[in-house]
Amino acid sequence: MEPFVWYSHYMVAWFECTATIDDVLRGSIWYYISCGGCHSKATKGEKSLICTNKKCDRTEVTGVPEYMAKISVYDQSEQAVFVLLGDAGPDGVVPVPQALLETIGQTHRFIVKVSDYNLTGKIQSTTVTK
């Protein structure tokens, strides 16, 4: 299977990697308000929240708290930090779940997406989808 998939004017590549979770970076949990529909970041408009995703068709945005946690992973030659995004729950406070802490030392297969944006954007990052 060819790892490259072309979408209009940019290229997207998908890679599989196997890595061991080294640590859950405590203190890295970050909260933001997202669009209740597509979960992209929402910003404050004049009278209501506005979704920053241009593909989202919602005119009225209900804000939903989201969290971001970071895990450190390594394989036989490299180390990286993967970012986990998810629902912050009704009170907006999310301690690091015990189940996530229990993954430290476990080896998993990750699917990583790399696109032109990852290489030419202001922040060089990749998306791990599974």
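For this chain, numbers begin at 1 and follow the sequence in order.
Every side chain to side chain contact (heavy atoms under 4.5 Å, CB included) that Gln98 has, sequence neighbours left out, goes to Leu101, Glu102. Every residue two or more places apart in sequence or in another chain that forms a side chain to side chain contact (heavy atoms under 4.5 Å, CB included) with Glu78 is listed here: Asp75. Here Thr18 pairs with Thr107, Arg109 under the side chain to side chain contact (heavy atoms under 4.5 Å, CB included) rule; sequence neighbours left out. Under the side chain to side chain contact (heavy atoms under 4.5 Å, CB included) criterion, Asp22 pairs with Ser72, Tyr74, Gln79, sequence neighbours left out.
Linking ILVMFWY side-chain heavy atoms closer than 4.5 Å, directly or via other members, places Phe82 and Ile21 in a single hydrophobic cluster. When the side chains of ILVMFWY residues are joined at heavy-atom separations under 4.5 Å, either directly or via intervening members, Val24 and Phe110 end up in a single hydrophobic cluster.
Taking both residues in full, the closest heavy atoms of Pro65 and Ile33 are given as CA-CD1, 4.2 Å, listed atom of the first, atom of the second, then distance. A pairwise comparison of heavy atoms in Cys35 and Arg58 identifies SG-CD, 3.8 Å as the closest pair. The minimum heavy-atom distance between Val64 and Gly36, with the atom names listed, is CG2-CA, 3.4 Å. Looking at every heavy atom in both residues, Ala19 comes nearest to Val73 through CB-CB, 3.9 Å.
A 6.0 Å sphere centred on CD of Glu60 holds no more than 12 heavy atoms belonging to other residues, nucleotides or ligands.
Atom CD of Gln76 is separated from atom OG1 of Thr20 by 9.0 Å, given to the nearest 0.5 angstrom.
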Donor-acceptor pairs under 3.5 angstrom involving side-chain atoms of residues 43-54: please list them, not counting sequence neighbours.
unit_1, atom_1, unit_2, atom_2, d
Thr52, OG1, Lys41, O, 2.6
Asn53, OD1, Lys55, N, 2.9
Asn53, ND2, Ser40, OG, 3.4

